[in-house]
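I have placed the structure first, in the form of structure tokens, so that the comments after it can refer back to it.
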Amino acid sequence: MAKRLIPTLNRVLVEKILPPSKTTAGILLPEKSTKLNSGKVVAVGPGARGKEGKTIPVPFKEGDTVLLPEFGGSQIKLGDKEFHLYRDEDILGTLHD
């Protein structure tokens with residue numbers, strides 16, 4: 001059974017990107033060098049309401065690669081996959097190639 005989570009308000013559902021643990025030549029990398037907290041945005045809420053009652057849209061869209069804080073967010077497990085739910089202001093920025 002497939003489940004889909006649609007975040008509420010200004011929340012963003014992120015799947016963390018696991019960095020490679022070894023190079024293409026087969027050299028094992030230490031755990032510290034592979035620790036970049038990044039993830040792929042899976043789903044985005046509609047946004048929070050401002051003081052005037054207007055919706056403030058979330059600045060991220062599905063498919064964006066984002067930089068995540070070291071701590072925070074709510075861990076969610078859907079099926080066999082693990083996701084994290086963050087408020088949009090907790091995400092540090094977007095990563096571009």
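This structure is a prediction, so every number in the text was calculated from the model and none was measured. We use all heavy atoms of the structure for the numbers below, so side chains are in, but hydrogens, waters and symmetry mates are not.
- Clustering of Ile, Leu, Val, Met, Phe, Trp and Tyr side chains at separations under 4.5 Å leaves Ile56 isolated, with no partner residue.
- In summary, of the residues considered (Asn10, Val58, Val12), a side-chain contact (heavy atoms from CB on, under 4.5 Å) with Arg87 occurs for Asn10 alone.
- For the atom pair CG of Asn37 and CG of Leu92, the computed distance is 8.5 Å after rounding to the nearest 0.5 Å.
- Side-chain heavy atoms closer than 4.5 Å link hydrophobic residues (I, L, V, M, F, W, Y) into clusters, and following such links, possibly through other members, connects Val14 to Val44.
- Among residues two or more places apart in sequence or in another chain, the salt bridge (charged side-chain N to carboxylate O under 4.0 Å, His left out) test is passed with Lys61 by Asp64.
- Contact check for Thr94 versus Thr65: no side-chain heavy atoms found under the 4.5 Å cut-off.
- Considering CG of Leu85 and OG1 of Thr8, their distance stands at 7.5 Å, rounded to 0.5 Å.
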Worked check of side chain to side chain contact (heavy atoms under 4.5 Å, CB included) between Glu82 and Lys16: CA-CA 8 Å; Glu82 193 174 290; Lys16 284 197 173 181; over 6 Å; no
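- Residues Ala43 and Pro7 approach most closely at CB-CD, 3.6 Å, considering heavy atoms.
- How far CD1 of Ile91 is from CG of Leu68: 6.0 Å, rounded to the nearest 0.5 Å.
- Taken to the nearest 0.5 Å, the CZ atom of Arg11 stands 9.0 Å off from the CD atom of Glu89.
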CA sep, side-chain torsions, deciding dist, call: Leu5, Phe83, side chain to side chain contact (heavy atoms under 4.5 Å, CB included): CA-CA 10 Å; Leu5 175 69; Phe83 300 95; over 6 Å; no
